[in-house]
Amino acid sequence: MSEFVMQIEELNKCFGALKALDNVSISIKKGEIHGLIGANGSGKSTLMNVLFGNSVIRESGGYSGEIMIDGQKVEIKTTKDAVKYGIGMIHQEFALIPDMTITENIKLSRENTKPMHKKFFGENLSCIDKEKDRSDAVRALKRLGFTVDTELRAGILSTNTKQFVEIAREVDKKGLKLLFLDEPTAVLNKSDSPKLLEILKELSSEGTAILFVSHRLDEVCALCDRITVLRDGAVASCYSREEFSVKTLARDMVGYDVQKTVSERKFIPNDILMSFKDFCVDMPGEEIRGVNFDIYKGEIVGVTSLSGHGKLALGYGVMGFYKTSGEVFYKNKPLVVEDIRGTINRGIYYLPDDRRGSGLLLEHTVAENIVFSGFHIKNMFSKGLTKTLGFFDKRKGLSHIESFIKRFEIKCSSPSQKVIELSGGNQQKVCISRALTMKPDILFVSEPTRGVDIGAKEKILDMLVEINRKYGTTLVIASSELDELMRICGRIVVFFEGKLFRILRSDEDEIEFALAISGEKYEN
Ligand code: ADP
Ligand code: MG
């Protein structure tokens, strides 16, 4: 008999060109609680999807590698296969059918049938034993310490209750050997999370192994017997209980090889340029709430978070893209965020993360893109004495455009080449040139290096630093690239669950950052 319930060897999974799982080998012991952690996008959900036979894997070209259950090689092609091998999964998104009752959801496709009827009509035609189903459902929920009317429709239940119904469905299955949970506590409230963890401990003591995904490091440490860390789709480390700590795990999540050029940009607080007071932005999927924070004149401040935790909302909020509440003060006066033109005229500008959607006029030329906002909003490059007449002064404009193309090495055949034909990196350089043309006092930048190659990345970071040094432009850079922020920023603001969680100096230990991004504080 194998000591392992599941062994995974050299698992590889690609989505198109993206390698989501890279030679992953993990063994799960019988009855153990095995934690799986890693930053956003490190491949945790993909791994579970492969092991549970979810259709998304098949539809995107399958996977390669070996899976063994109880020491036997198996193929898990569909979720049906997985269930057959005694695997259950609690999804990150709920998989309950809203119009069915709690009982029906728990017993779905495993209904009890009345023996008499079975005899006469065969299994499929036999009658469902509703009473038995109900008592099973009640028992499964009771085992979780949960009492609720099992005849309620699933659609009306609270998120917490739904989560427990999903778990009840799994524990009601006979022969459940291995249970996968993908961030189950992310949707639970504070009082229910510990309850769930207790249930998992109990299940494991009864022999069910558990693979538990979470990014709450304290929780994983408290619960798990062993922990595997994924980084960029590959196994970074695997520890048993005596070996791991929140600190080691955080370090492995970020990686030893984070290039840390100690920032020479010491943060010196001086004049406050912009202040947020109880600032909230209703950006769908990235809301921020109750932000209080000052930006100092001349600094480069980074803003980071996991995706969906709010890093992008600050800039969009200031520029009036979404509904906001609270106050923003700029140069000691209130800022009316709804008045976008007024905001720009006061020296505030924004480079969105969605270059193609809202940043660039793709069908227009490099030249037009660089001068467009300056000409239309600030009447720059206008001809003659009466600037308001607004004739574009080609000579003035062109020398400005050419100087930018040269300075930032924008690779284009000529200023009249269409922007749509440029590479991502060069499109971004055009975007930054346009922003610089406006000579802003403060520039909000989102994901400046997303989707650009390494060479262009360096150039873009250089450009940002140059803007700050040469023109004294204050920069607020929202990015998921922590190492880039650590290189060029003085301070970095970390958002978690829509709230400003911590403000760290960029020369602080990476581990502090990893913890803050996961919503953790490390107490020495
Ligand atoms: P995690 O759960 O650790 O946050 P995921 O497993 O969801 O990470 O994602 C790993 C990587 O695979 C990410 O880069 C993600 O964008 C990509 N990915 C996940 N699912 C799909 C999909 N269905 N199609 C294309 N790419 C995907
Ligand atoms: Mg996930």
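In each ligand, atom 1 is the first atom listed, and ligand 1 is the first ligand listed. All values below were derived from every heavy atom in this structure, side-chain atoms included, with hydrogens, water molecules and symmetry-related copies excluded.
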Trainee: Can you figure out which of Ser45, Gly16, Gly233 has its heavy atom closest to atom 2 (O) of ligand 1?
Mentor: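 Comparing heavy atoms across Ser45, Gly16, Gly233, the nearest one to atom 2 (O) of ligand 1 lies in Ser45.
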Trainee: Please collect all side chain to side chain donor-acceptor pair (under 3.5 Å) contacts where either partner lies in residues 59-70, sequence neighbours excluded, each pair once.
Mentor: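 Checked against side chain to side chain donor-acceptor pair (under 3.5 Å) - neighbours excluded - the pairs reaching residues 59-70 are Lys13-Ser60, Asp70-Lys177.
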Trainee: Would you call Ser42 a ligand 1 contact, heavy-atom distance under 4.0 Å?
Mentor: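 The answer is yes: ligand 1 sits under 4.0 Å from a heavy atom of Ser42.
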Trainee: Identify the heavy atoms of Asp182 and Met48 that sit nearest to each other, and give their distance.
Mentor: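 Result for this residue pair: CB-SD, 4.0 Å.
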Trainee: Run the ring-centre check on Tyr316 versus Phe444 and record whether the distance is less than 6.0 Å.
Mentor: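 No, ring centres 6.0 Å or more apart.
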Trainee: Would you mind listing which atoms of ligand 1 come within a distance below 4.0 Å of any non-hydrogen atom of Thr46?
Mentor: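 Checking each atom against Thr46, I get 5 (P), 6 (O), 9 (O), 10 (C), 19 (C).
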Trainee: Of the listed options (Ile57, Leu18, Leu36), which comes nearest to atom 17 (C) of ligand 1 when hydrogens are ignored and any heavy atom counts?
Mentor: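 Among Ile57, Leu18, Leu36, the closest heavy atom to atom 17 (C) of ligand 1 belongs to Leu18.
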Trainee: Is it the case that the side chains of Tyr239 and Ser245 hold a donor-acceptor pair, with the cut-off being a distance below 3.5 Å and no angle test?
Mentor: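 No - no donor-acceptor pair under 3.5 Å links their side chains.
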Trainee: Can you list the atoms of ligand 1 that are under 4.0 Å from a heavy atom of Val56?
Mentor: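 Going through ligand 1 atom by atom, the ones under 4.0 Å from Val56 are 23 (N).
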Trainee: Assess whether a salt bridge exists between Glu484 and Arg487, defined as any Lys/Arg side-chain N lying under 4.0 Å from an Asp/Glu carboxylate O.
Mentor: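 No.
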Trainee: Please say whether more than 12 non-hydrogen atoms of neighbouring residues, nucleotides or ligands are located less than 6.0 Å from CD in Gln72.
Mentor: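 No, CD of Gln72 has 12 or fewer neighbouring heavy atoms, counting only those of other groups under 6.0 Å.
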Trainee: Heavy atoms only, cut-off 4.0 Å: how does Val213 contact ligand 1, side chain, backbone, both, or neither?
Mentor: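 The answer is neither; Val213 stays 4.0 Å or more away.
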Trainee: Applying side chain to side chain contact (heavy atoms under 4.5 Å, CB included), can you list everything that pairs with Lys499, at least two apart in sequence or on another chain?
Mentor: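 Lys499 satisfies side chain to side chain contact (heavy atoms under 4.5 Å, CB included) with Arg289 once adjacent residues are dropped.
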Trainee: If we set the cut-off at 4.0 Å for heavy atoms, which region of Asn49 has an atom near ligand 1: side chain, backbone, both, or neither?
Mentor: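 For Asn49, there is no contact with ligand 1 at all, from either part.
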Trainee: For a distance under 2.8 Å, tell me if Ser45 has an N/O/S atom near the Mg ion (ligand 2).
Mentor: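 It does; at least one qualifying atom falls short of 2.8 Å.
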Trainee: Measuring from non-hydrogen atoms of Gly43 to any atom of ligand 1, is the shortest distance under 4.0 Å?
Mentor: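 True for this residue.
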